[in-house]
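Read through the structure below, which is laid out as structure tokens, and then see the notes.
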There are 2 protein chains.
Amino acid sequence: MTRSEENYLKIIFHLGGSDSIPITTNAIAEQMETKPSSVTDMAKKLAEKGLVNYKRYQGVSLTDQGTKTALSIIRKHRLWEVFLVKKLDFSWDEVHEVAEQLEHIKSEKLIDKIDELLEFPKFDPHGDPIPSKDGKFMVRDKQLLSEMPIGGKGVCVGVKDSSAPFLKFLDKNKIALGHTIQILEKEDFDQSLHIAMEGRELRISHQIASNLYVKKNE
Amino acid sequence: MTRSEENYLKIIFHLGGSDSIPITTNAIAEQMETKPSSVTDMAKKLAEKGLVNYKRYQGVSLTDQGTKTALSIIRKHRLWEVFLVKKLDFSWDEVHEVAEQLEHIKSEKLIDKIDELLEFPKFDPHGDPIPSKDGKFMVRDKQLLSEMPIGGKGVCVGVKDSSAPFLKFLDKNKIALGHTIQILEKEDFDQSLHIAMEGRELRISHQIASNLYVKKNE
DNA sequence: ACCTATTTTTAGATTTGTCTAAATTTAAAT
DNA sequence: ATTTAAATTTAGACAAATCTAAAAATAGGT
């Protein structure tokens, strides 16, 4: 597996899709920051290797083998992110770029030992689930904060947008995973929220609320 | 810097050499497990970038910039080796291959944090010195065990051959860095040694003795 | 100083992953 | 059922790093 092949599989996985709803060449090209023609070439190559299903003009979907490979890369990426945060004091907005490199290191023993060192974490610093060796992962019953009703209360468990600017914004406003949030009021005009969190009250825009996941409970 | 460029610089550094005694194309090709013609191409490219001095048919030598870069890669390689042994319980014969990959990860913060986590080690698991950020490293006053006189005593501080088979042999025979060794007798016929070490006596061949470094003392 | 063996370089080809531009297929609209 | 717009593929080219085979330069021996 080349690094490029691994990146394609990872992105195809993240784009979701299935045998019935395959991923379009264009969508992949956009995520890979490359051209659709390059994607076509790679689709053929991955199909040859049995990692994706591909028919001309019909998009691609991962085979079982491709899904397994994608999950193993995602597992590595997320474990390295936890490592960087827990063991090396990186902040959650700094880890993605480095993990993009570390995820391609080829050594099963290495990643298993990292997993062990971290005591088998189930979620990465952004709240995304970490697949186990055999490709299983926890699906958390979560919803966007923006979709919670007034008066609703929930624990912040993840972010939808994990870009550095958003994460830095959250840090600056002391919003972190694990905090309990209650919606006090919704502004009809712009859908901004008035929330209570860790004993203080603040106002956040709809854009922020629609990128924060809270655990569905009660 | 591409991965290939980094590997060339590292190997040129390890081959020693200087402005007056440049490294031959052939020597590099052999270490890189590639062909001399490929080395010529790379020599031109590295010369363009100011990392090596190169004149047709005259071999190459590292510039200051090239030396600096080579040392930073070696620093990363050796720090990762220490990490694998100290934090993930790898044995010293397993670390090289993985460190070959990890040394190319591009993140100054990452390697500095690893250095800190390991409490700034000065030597790697094979006894080789770890360059500091500014490219300085300790030169230990060591000699090959095979060159020590009869009756001589010294602490084992490094290996010359760090291949897995040799390291596994040492493990099997409970020879490790830090052990004190005294030469009891040398066999004239085959130069094998009779040594005392950690309260037991054993015989080792010349080939073994000429790949073990002991600290020069008394 | 010359010849010869070795080393090194050049020239041209190959592979991987990408690109542009043109051609083709699909899907949507009338 | 056509037409048209959008998406996708093909064809041909390029850069990086490598290779083989042939040519050129060097170094050693006489």
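To find a chain, count down the sequence lines: A is the first, B the second, and so on, and within it residues start at 1. Keep in mind that what you see is a predicted model, and the values were worked out from it rather than measured.
Under the 30°/60° scheme for interplanar angles, the aromatic rings of A/F137 and A/F13 are found to stand perpendicular. Between B/F166 and B/F169, the ring-plane angle classifies as parallel under the 30° and 60° cut-offs. Taking the six-membered ring where tryptophan is involved, the planes of B/F83 and A/F83 are perpendicular, since the angle between them exceeds 60° and thus also 30°.
Atom C1' of nucleotide C/dT15 and atom CD of A/E5 are separated by 13 Å, given to the nearest angstrom. The separation between B/K35 atom NZ and C/dT7 atom P is 14 Å, rounded to whole Å. Atom OH of B/Y54 and atom P of D/dA25 are 13 Å apart (whole Å). Atom CD in A/E6 sits roughly 16 Å away from atom P in C/dT16 (whole-Å rounding). Here D/dA16 presents its C1' atom at 15 Å from CG of B/N7, a figure rounded to the nearest Å. Between the CD1 atom of B/I23 and the P atom of C/dT8 there is a distance of 11 Å, given to the nearest Å. The interatomic distance linking A/E30 (CD) with D/dA6 (P) rounds to 16 Å, in whole Å. Look at CE on A/M42: it is 16 Å from P on C/dT15, rounded to the nearest Å.
Listed pair B/T34 / D/dC19 meets the phosphate criterion, a side-chain N or O lying under 4.0 Å from OP1 or OP2. Here B/K44 does not reach the OP1 or OP2 of C/dT9: none of its side-chain N or O atoms lies under 4.0 Å away. Between D/dT10 and A/R56, a contact under 4.0 Å exists linking OP1 or OP2 to a side-chain N or O. The side chain of A/T40 contributes no N or O atom lying less than 4.0 Å from OP1 or OP2 of D/dT10. The side chain of B/Y8 contributes an N or O atom lying less than 4.0 Å from OP1 or OP2 of D/dT18. For the pair B/N26 and C/dT8, the criterion of a side-chain N or O lying under 4.0 Å from OP1 or OP2 is met. Close to C/dT18, at under 4.0 Å from its OP1 or OP2, lies no side-chain N or O of A/S38. Under 4.0 angstrom from either OP1 or OP2 of D/dA6 there lies no side-chain N or O belonging to A/Y57.
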Go through it in stages, so that I can follow the logic: the residues are B/E6 and B/H104, the test is side-chain hydrogen bond (donor to acceptor under 3.5 Å, both in side chains), and I'd like the CA-CA distance, side-chain angles, deciding distance and then a yes or no.
CA-CA 8 Å; B/E6 291 187 349; B/H104 299 293; 2.5 Å; yes
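Distance check, rounded to the nearest 0.5 Å: CD1 of A/I150 to CD1 of A/I195 gives 13.5 Å.
With the nearest nucleotide of DNA chain C identified for both B/D41 and A/P36, B/D41 has the one nearer the 5' end.
At a cut-off of 3.5 angstrom, counting only N and O atoms as typed in the model, there is a donor on one side and an acceptor on the other between the side-chain of B/S37 and the base of D/dT20.
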